[in-house]
There are 4 protein chains.
Amino acid sequence: MMNQVLAQLDEFGPLADLNSAKGRLQQASARLFKEKGYAKTTVRDIAAEVGIQSGSIFHHFKNKEEILLAIMSDTILRVLTDMYAALASTDDVMEKLQHLILLELKAIHGEQFVGFSLLVSEWRALSDGNQQQILKLREYYENLWREILTLAHEQEKVNVEALYLRGFIRGALIETTNWFSVTGDISLEQLALKLMATFTRREK
Amino acid sequence: MMNQVLAQLDEFGPLADLNSAKGRLQQASARLFKEKGYAKTTVRDIAAEVGIQSGSIFHHFKNKEEILLAIMSDTILRVLTDMYAALASTDDVMEKLQHLILLELKAIHGEQFVGFSLLVSEWRALSDGNQQQILKLREYYENLWREILTLAHEQEKVNVEALYLRGFIRGALIETTNWFSVTGDISLEQLALKLMATFTRREK
Amino acid sequence: MMNQVLAQLDEFGPLADLNSAKGRLQQASARLFKEKGYAKTTVRDIAAEVGIQSGSIFHHFKNKEEILLAIMSDTILRVLTDMYAALASTDDVMEKLQHLILLELKAIHGEQFVGFSLLVSEWRALSDGNQQQILKLREYYENLWREILTLAHEQEKVNVEALYLRGFIRGALIETTNWFSVTGDISLEQLALKLMATFTRREK
Amino acid sequence: MMNQVLAQLDEFGPLADLNSAKGRLQQASARLFKEKGYAKTTVRDIAAEVGIQSGSIFHHFKNKEEILLAIMSDTILRVLTDMYAALASTDDVMEKLQHLILLELKAIHGEQFVGFSLLVSEWRALSDGNQQQILKLREYYENLWREILTLAHEQEKVNVEALYLRGFIRGALIETTNWFSVTGDISLEQLALKLMATFTRREK
DNA sequence: AATGAATGAGGCTTCATTCAT
DNA sequence: CATGAATGAAGCCTCATTCAT
């Protein structure tokens, strides 16, 4: 099933090579968007960050919004790929859940590539048409979560229905951008465990 | 103690009268900021919303950012006041917590006044100086939460330390803007209960 | 009948007051467009011509193209009004024709206001939607010509059908921009007579 | 005499071979310039039209304006050559005139190569220096017309002096771009006759 | 208080042209 | 000869803010 889904995702085009000019532009933009916000980041800022002229940007992207679009699209695609792989590594629901949480956390905090948090924080910066496009990808992504959480609920490992629990978890994870530091007291892995502990049904 | 705190809060000035020109301007702005984002909302948009000319806005606010500042400040102040009142109504920690969650939810979904979610979503729109100012208020606010959550943890009603739990709850609540509708299947009260259920330690 | 037509033309809005800021902007733009061409005229050029900042232009016109649109629209409207008046002053077909030619010539050479020649030379600068709008006006205008020329042909004063003759006359008149100078040897009136002589059927 | 003139024209360089890369570039450009206007036609548009990259254009032409220059120059040269040939075929003034009109019409409507109408519509797109250069060619061209028209006037076949009549005819012919379609009711030959009829002196 | 024209800095984008490969 | 990434100047337009009325 998963291969089937991944095949469908091909329509969203190949991921940008992180070492290509386009890829570096995308990464630099993601960093700036996250730091200053999309609206406050000028194309000149972006150009300066990669050491080119602002006009050159438009060789790689039709316009500023396309950069954000590419970031969002690539981000989901990358995380989705990782998740499918991780889910295949175990049959235990709670272990699967643990994987999802950790991978989303890593995506949010940019272990490998920046950008996941932009999906929420800069959502409104997209035009309607582009929102629809990303929405399709987000659906694949959220369906994955829903599946696992539904299973967990059926097995009585958690107290709340998938729909609500996912909402809570997504919020809890995203918000970590604003208070959790990767270089702080605890690691992302530990943070993931704390969240698991928070909503896991426990016996006395 | 609480009265003492409320007294200190006086320095942040009086709340805008919701029926005054200034108050209506503030409310209209909050609505637009939430809908389109601060950056994409123009001063003309705001003026049009209340039926005046854009130039007239500057008789009430020094500049656009001051509007956002006032919204944020007033919002926290109002919620704080409500919370102090609610906390005084019971001695049970979990009931207190329940109150906090419900009041924050109401603030987020604008039962009485829009704006709480802007505190997170438009945080970066504030200049450094203004961030500091709001930060003071947020500290009062977050301290209140920390106090209650610490108590709950000490009484072993929850599994996770106040610092982390508050982070998770804040995120979970804020994110409801993006998926929960007040006119949907369940009420804010029920939603609050769902969240409580999520992280409450349960006995066999 | 004419009053009826003029009434319909009201939908195209009032003419710009030539002394208002908007009117002066329009006139200055028309002059520049004629001199350097629409594409080569920058909004800064226009602003400089009337002594304001380029940004201020957009208080009066939504964008650069709207200026051209206003010029074209106003121009036709003004000429049409003059033509209806002139046609009413005589019953002789050839005299009517003489009036039309002279009025169009005057419009082309900007006796009172610049702009008529732009209708042809800058036609392609308009977007499709705006072309349609002006087309409606041009139809009123061309119908007037067709009427008179058809009459002239029926009375055997001219050799060629209205459709073709109008095409020839329009071209002949417009092209005078490129070779005829108002300050030269002969006057516009004399030029008009030369054109009349060209295609008028003569007796031995 | 004519051979003498044609010899002088050699200084303007050889005509582009219509099948060479350069020739096809020139033809494609002419088509686009006519369709969208010089200013609105980008170098990329042109490149796309012939299936090369925009950078490659500059191997054939120094810059965009040189393309327009070449088009104009070649166009006049081609028409001139045809005209000299046609004029030699008859001694009758009115027949000669008929030839000129038809050939100019054909040039305008691009029977063999696009471009004549650009001489008028895009005249201002040329820099001063280039205008001077084309002006030299146009002089040869206009002198030819003047010669014939002067003869016709002397022979009392037309009513108006060459200078004015040529202005009218040029305008009438150019303007046909805007209303006459080669695939419509009448042919170019018939159109030429209509124009002849328009200004030819007739006896009762 | 309100108006609304004007400001002016700055944003995004276009595009002819260059040049190393 | 061709490519295509990069340039950099310039264009249009936006918008918060000011200020005379």
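Each chain gets a letter, A, B and so on, in the order its sequence line appears, and its residues count up from 1.
Annotation for B/E122 and B/L68: closest pair O-CD2, 4.0 Å, computed over non-hydrogen atoms. Shortest non-hydrogen contact noted between D/G115 and D/I71 is CA-CG2, 4.2 Å. Of all non-hydrogen atoms in B/S20 and B/G23, the two that sit nearest each other are OG-N, 2.9 Å. Among all heavy-atom pairs drawn from C/A39 and C/K64, the shortest one is O-NZ, 3.9 Å.
At a threshold of 4.0 angstrom between heavy atoms, the contacts of D/I52 are confined to the sugar-phosphate backbone, with no base atom among them.
Taking atom CG of residue B/L32 and atom P of nucleotide F/dA16, one finds them 12 Å apart after rounding to whole Å. Distance, B/L69 CG to F/dA16 P: 17 Å, rounded to whole Å. Rounded to an integer number of Å, the gap from CZ of B/F61 to P of E/dA1 is 13 Å. As a whole-Å value, the separation of A/K22 NZ from F/dG4 C1' is 14 Å. If you take CD1 of C/I57 and P of F/dC15, they are 17 Å apart, rounded to a whole angstrom. At whole-Å resolution of the value, CG in B/D45 and C1' in F/dA16 are 12 Å apart.
C/Q53 has no side-chain polar atom (N or O) that falls below the 4.0 Å cut-off from OP1 or OP2 of E/dA6. An OP1 or OP2 oxygen of E/dA2 is reached within less than 4.0 angstrom by a side-chain nitrogen or oxygen of B/H60.
In this structure the side chain of C/M72 never reaches within 4.5 angstrom of the side chain of C/T75, judged on heavy atoms.
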Annotated protein contacts, base or backbone, on nucleotides 15-21 of chain E with a non-hydrogen cut-off under 4.0 Å, one of B, S, - each: BSBB---

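Within the 3.5 Å criterion, the main-chain N or O of B/W123 finds a donor-acceptor partner in the side chain of B/Q131. In this structure, D/Y38 contributes its side chain and D/E65 its backbone to a donor-acceptor pair below 3.5 Å. When atom types are taken as modelled, the side chain of C/S121 and the backbone of C/S117 share a donor-acceptor pair closer than 3.5 angstrom.
Screening A/T42, A/T41, A/D45 for a side-chain hydrogen bond (donor to acceptor under 3.5 Å, both in side chains) with A/K36, the sole residue that qualifies is A/D45.
DNA chain E forms stems at E:2-21 with F:2-21, each a run of 3 or more consecutive Watson-Crick or G-U wobble pairs whose two key distances fall under 3.5 Å.
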